[in-house]
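Throughout, a chain's letter reflects where its sequence line sits, starting with A, and its residues are numbered from 1.
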2 protein chains.
Amino acid sequence: MKTSVINSTQTSGQAYGATDKEIESSKANQATIAYRLLKQDIINGAYQPGDKLLMSHLKSHYEIGAGPMREALSQLVADRLVTAISQRGFRVAEMSEEELTDIYDARAHLEALITGLAVERGDEDWEAEVLGEAHKLSRVNEVNTPEEMLEIWDSRHKSFHQSIVNGCGSSKLLELRASLLDQAERYRQLWLKQTVFSQNALEEKRQEHAELVDALLNRDKARAAELMYHHILSPIAIIKERLPG
Amino acid sequence: MKTSVINSTQTSGQAYGATDKEIESSKANQATIAYRLLKQDIINGAYQPGDKLLMSHLKSHYEIGAGPMREALSQLVADRLVTAISQRGFRVAEMSEEELTDIYDARAHLEALITGLAVERGDEDWEAEVLGEAHKLSRVNEVNTPEEMLEIWDSRHKSFHQSIVNGCGSSKLLELRASLLDQAERYRQLWLKQTVFSQNALEEKRQEHAELVDALLNRDKARAAELMYHHILSPIAIIKERLPG
DNA sequence: TTATTTAAAAATATCTACATTTTTTACTAA
DNA sequence: TTAGTAAAAAATGTAGATATTTTTAAATAA
């Protein structure tokens with residue numbers, strides 16, 4: 001068997017963002033490998049919205065056969081990152097202001113709902129976890145490159161929010177949230193660059209997070225939900241400016 | 001090309017429950033056909049929870065090759081109706097009281113949220129639609145067989161609820177709702193038989209629906225959301241009784 | 001000429017049949 | 001029993017065949 005560089009690299013290292021979708025068995029099959037790589041490349045903008053995903057290119061570029069590649073693509077269709085037309089292949093899903101609004105509206109309402117549940121249902125471990133993650137996020141300072149800064153801040157910011165919603169006690173709601181987050185990811189990237197490299201913007205976020213933590217630990221459900229709702233919606237304006245088209 | 005009976009039947013008739021996932025092009029490919037058939041069979045109980053989905057059986061039974069069949073199966077894994085273990089194939093997802101509680105808890109919160117939005121955002125057309133569907137549902141009477149009764153009542157009941165949530169103006173939230181509904185479907189079937197064939201239960205539902213319509217048309221957001229929340233949760237007790245194991 | 005239709009060719013998507021790898025089962029010997 | 005091993009079954013992947021769409025070019029009509 002021909003072992004490609006890509007394959008061996010992938011299968012050896014445990015995937016970072018392994019969603020609960022593929023808990024079982026770390027040795028992934030070709031379709032799973034293709035799914036991860038392609039998803040990452042779409043989110044990171046290696047392919048532009050509307051780009052045709054040519055089977056011949058995908059096959060050679062990822063060194064994966066047509067069968068497994070189709071499997072990956074049709075999963076990405078379910079994730080709304082790719083669109084398919086029968087007999088005409090696959091394309092990277094378009095981005096639009098309408099979709100941006102739709103996704104963020106849904107995210108804000110869902111995240112507020114989940115936050116409210118977390119306030120009701122979260123235990124002391126949850127409180128500790130939130131506090132810890134908030135602390136780590138507030139201490140993103142000693143970094144070398146701007147790229148590193150962006151990566152670290154984003155990672156800790158995500159962990160902070162994840163720690164909050166983890167208190168909700170509903171794995172189904174967390175799955176739905178994860179699905180929306182995936183769909184928002186390409187839009188979020190536009191906001192991220194703007195925010196992380198602006199001291200003003202960062203300070204504003206720091207403030208919002210502090211208020212959020214305060215409401216959470218004081219078990220003020222209504223206020224926490226309200227703060228979260230607006231916190232989620234706040235990037236929309238920035239993203240609209242930077243949205244191509 | 002060999003055209004199987006299954007294939008020709010499927011491709012000719014427009015599929016009923018075509019989710020927006022595959023809007024484009026009615027002439028579905030083999031993977032889509034397999035997905036629809038298999039999903040229906042799992043929901044209808046043709047395969048039991050935990051059953052192994054043997055490739056050799058699936059191939060011969062649906063007259064579809066391994067490639068497209070894998071594609072369909074991995075979509076069903078994303079839908080949580082099937083589980084996969086790498087190199088060990090696919091199984092029908094197990095059912096459990098824990099999952100039942102999880103799904104219905106999430107559904108109740110989400111449906112209440114969406115209902116609240118519908119009250120805020122729904123226009124007159126929405127009101128009219130809700131009223132119309134409520135009327136149709138209340139008039140499920142002149143039917144022949146019990147099976148027909150079940151089918152018609154379920155269909156109209158679903159349409160009634162769909163007409164309510166359609167007012168929310170968020171296609172993303174509606175997609176999430178549809179996903180949960182799919183996951184709930186096998187549990188719902190257990191409740192449905194109990195409910196449709198009991199005059200008491202039907203009357204109770206009729207009452208709840210009437211209250212719901214009243215709250216909706218009076219634009220009483222809080223009451224509508226509250227009623228919806230409990231309406232969704234109400235089947236849990238019945239389902240728990242009938243849940244195998 | 002310019003636009004439109006038609007026909008052939010090329011490119012592409014999709015499927016099937018077969019090959020390979022992995023797991024499971026059955027059997028044997030300690 | 002238990003461990004080990006060979007055979008069978010099953011899952012997964014590949015290559016090539018087939019069907020469909022798109023492109024190109026030629027032919028026709030305005």
Side-chain angles (χ1 to χ4, degrees), chain A residues 1-8 10-12 21-38 47 50-77 82-93, chain B residues 1-8 10-12 22-38 47 50-78 82-93:
Chain A
M1 182 205 134
K2 186 181 71 174
T3 304
S4 75
V5 179
I6 289 174
N7 287 11
S8 49
Q10 274 304 114
T11 44
S12 59
K21 199 179 289 181
E22 62 264 346
I23 305 169
E24 326 271 8
S25 75
S26 47
K27 48 180 165 183
N29 54 28
Q30 298 289 82
T32 308
I33 293 167
Y35 173 77
R36 288 178 190 155
L37 294 175
L38 202 44
Y47 304 103
D51 274 6
K52 184 132 215 310
L53 294 166
L54 218 54
M55 206 43 120
S56 52
H57 168 261
L58 298 174
K59 272 170 57 179
S60 60
H61 186 259
Y62 297 103
E63 300 188 69
I64 280 174
M69 190 54 79
R70 280 188 62 81
E71 212 178 307
L73 285 164
S74 69
Q75 297 226 203
L76 289 166
V77 171
V82 166
T83 57
I85 304 182
S86 188
Q87 311 292 356
R88 291 190 219 177
F90 299 86
R91 286 177 177 279
V92 177
Chain B
M1 181 204 138
K2 186 181 71 174
T3 305
S4 75
V5 179
I6 289 173
N7 288 10
S8 50
Q10 274 303 113
T11 44
S12 60
E22 61 263 345
I23 304 168
E24 327 270 7
S25 76
S26 48
K27 47 180 164 182
N29 55 27
Q30 297 290 83
T32 308
I33 293 168
Y35 173 78
R36 288 180 189 153
L37 293 175
L38 202 43
Y47 303 103
D51 274 4
K52 186 141 212 319
L53 292 166
L54 219 53
M55 208 40 123
S56 52
H57 168 261
L58 297 174
K59 273 170 56 180
S60 61
H61 186 260
Y62 296 102
E63 300 187 68
I64 281 174
M69 190 54 79
R70 280 189 63 80
E71 210 177 309
L73 285 164
S74 69
Q75 298 226 202
L76 289 166
V77 171
V82 166
T83 58
I85 303 181
S86 188
Q87 310 292 357
R88 291 191 216 176
F90 299 86
R91 286 178 177 279
V92 177

Between [options], which one does the side chain of [X] approach most closely?
{"X": "B/A66", "options": "D/dT12, C/dT16, C/dT14", "result": "D/dT12"}
{"X": "A/K52", "options": "D/dA11, C/dT14, C/dA13", "result": "C/dA13"}
{"X": "B/Q30", "options": "C/dC15, C/dT14, D/dG13", "result": "C/dC15"}

Q: Sort and list the pairs that fulfil salt bridge (Lys or Arg N to Asp or Glu O under 4.0 Å) and have at least one residue in residues 67-76 of chain B, not counting sequence neighbours.
A: A/R70-B/E71, A/E71-B/R70

Distance check, rounded to the nearest 0.5 Å: [X] atom [atom1] versus [Y] atom [atom2]?
{"X": "B/L54", "Y": "B/H61", "atom1": "CG", "atom2": "NE2", "value": "13.0 Å"}
{"X": "B/Q75", "Y": "B/L73", "atom1": "CD", "atom2": "CG", "value": "10.0 Å"}
{"X": "B/T83", "Y": "B/R91", "atom1": "OG1", "atom2": "CZ", "value": "7.5 Å"}
{"X": "B/T32", "Y": "B/L37", "atom1": "OG1", "atom2": "CG", "value": "10.5 Å"}

Check the distance between [N]'s [atom2] and [X]'s [atom1] and give it to me in whole angstrom.
{"X": "B/M69", "N": "D/dG13", "atom1": "CE", "atom2": "C1'", "value": "17 Å"}
{"X": "A/L54", "N": "C/dA11", "atom1": "CG", "atom2": "P", "value": "11 Å"}
{"X": "A/L58", "N": "C/dA13", "atom1": "CG", "atom2": "C1'", "value": "12 Å"}
{"X": "B/E71", "N": "D/dG13", "atom1": "CD", "atom2": "C1'", "value": "15 Å"}
{"X": "B/I64", "N": "C/dT16", "atom1": "CD1", "atom2": "P", "value": "8 Å"}
{"X": "B/H57", "N": "D/dA11", "atom1": "NE2", "atom2": "P", "value": "12 Å"}
{"X": "B/E63", "N": "C/dT16", "atom1": "CD", "atom2": "C1'", "value": "14 Å"}
{"X": "A/M55", "N": "D/dT14", "atom1": "CE", "atom2": "C1'", "value": "13 Å"}

**Q.** Mutual orientation of the aromatic rings belonging to B/H57 and B/Y47 [parallel < 30°, tilted 30-60°, perpendicular > 60°]
**A.**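 Geometry flag for B/Y47 against B/H57: perpendicular rings.
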
Please write out each protein N/O paired with an N/O of nucleotides 22-26 of chain C under 3.5 Å, distance rounded to 0.1 Å.
from: C/dT23; atom 1: OP1; to: A/K27; atom 2: NZ; distance (Å): 3.0

**Q.** B/A72 to B/A31 - nearest heavy-atom pair and separation
**A.**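 Looking at all heavy atoms of both residues, the closest pair is CB-O, 3.6 Å.
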
